[in-house]
Amino acid sequence: MAFCWLVECSQLTGVPAYLSGRSLLGRLALGVQFDPLDLLWYPVGVLPLAAAHWLLRRRAYPRSAVSGKVQA
């Protein structure tokens with residue numbers, strides 16, 4: 001989320017708008033203009049994915065397998 005917020009706040013400088021005008025990749029990666037509502041939507045998108053990743057990883061690697069203990 002910090003990276004997303006950094007990119008969003010960098011849009012206040014005008015540099016991403018300049019780069020996105022010159023490159024499709026720049027437009028897709030950096031966006032064009034600052035929108036404060038985006039700062040609220042990043043956690044809505046990122047947190048559920050991070051929680052799903054954490055749960056799936058925990059299920060795939062139980063604590064005893066990570067610590068090296070053998071389950072009875």
Side-chain angles (χ1 to χ4, degrees):
M1 279 188 327
F3 176 75
C4 295
W5 287 340
L6 178 68
V7 170
E8 189 69 30
C9 290
S10 75
Q11 293 172 354
L12 292 169
T13 66
V15 173
Y18 172 77
L19 294 174
S20 65
R22 303 189 66 140
S23 164
L24 177 61
L25 182 60
R27 183 180 184 88
L28 294 173
L30 301 174
V32 178
Q33 66 184 21
F34 177 77
D35 185 359
L37 193 56
D38 286 348
L39 296 175
L40 300 174
W41 281 111
Y42 287 128
V44 172
V46 171
L47 291 178
L49 293 175
H53 173 74
W54 181 78
L55 289 171
L56 291 172
R57 183 171 168 86
R58 187 169 178 188
R59 187 180 302 171
Y61 301 106
R63 183 178 303 270
S64 61
V66 173
S67 66
K69 296 179 183 177
V70 177
Q71 290 182 343

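Quick caveat, the model's predicted, so the values are computed rather than measured. Along the sequence shown, residues carry numbers from 1.
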Visitor: For residues L39 and C9, report the shortest heavy-atom separation together with the two atoms involved.
Guide: CD2-SG, 4.4 Å
Visitor: In terms of hydrophobic clustering (I, L, V, M, F, W, Y; side-chain heavy atoms under 4.5 Å; direct or indirect links), are W5 and F34 co-clustered?
Guide: yes
Visitor: What are the two closest heavy atoms between P43 and P48, and how far apart are they?
Guide: O-CD, 3.7 Å
Visitor: Could you work out, with side chain to side chain contact (heavy atoms under 4.5 Å, CB included) as the rule, every residue matching V46, not counting sequence neighbours?
Guide: M1
Visitor: Counting heavy atoms not belonging to L40, are there more than 12 under 6.0 Å from its CG?
Guide: yes
Visitor: Can you pull the side chain to side chain donor-acceptor pair (under 3.5 Å) pairs that have at least one residue in residues 31-60, sequence neighbours excluded?
Guide: E8-Y42
Visitor: May I ask you to decide if P16's main-chain N or O and S20's side chain share a donor-acceptor pair within less than 3.5 Å?
Guide: yes
Visitor: Can you name the side chain to side chain contact (heavy atoms under 4.5 Å, CB included) partners of R22, sequence neighbours left out?
Guide: Y18
Visitor: Does L30 share a hydrophobic cluster with F3, counting links as ILVMFWY side-chain heavy atoms below 4.5 Å and allowing steps through other members?
Guide: yes
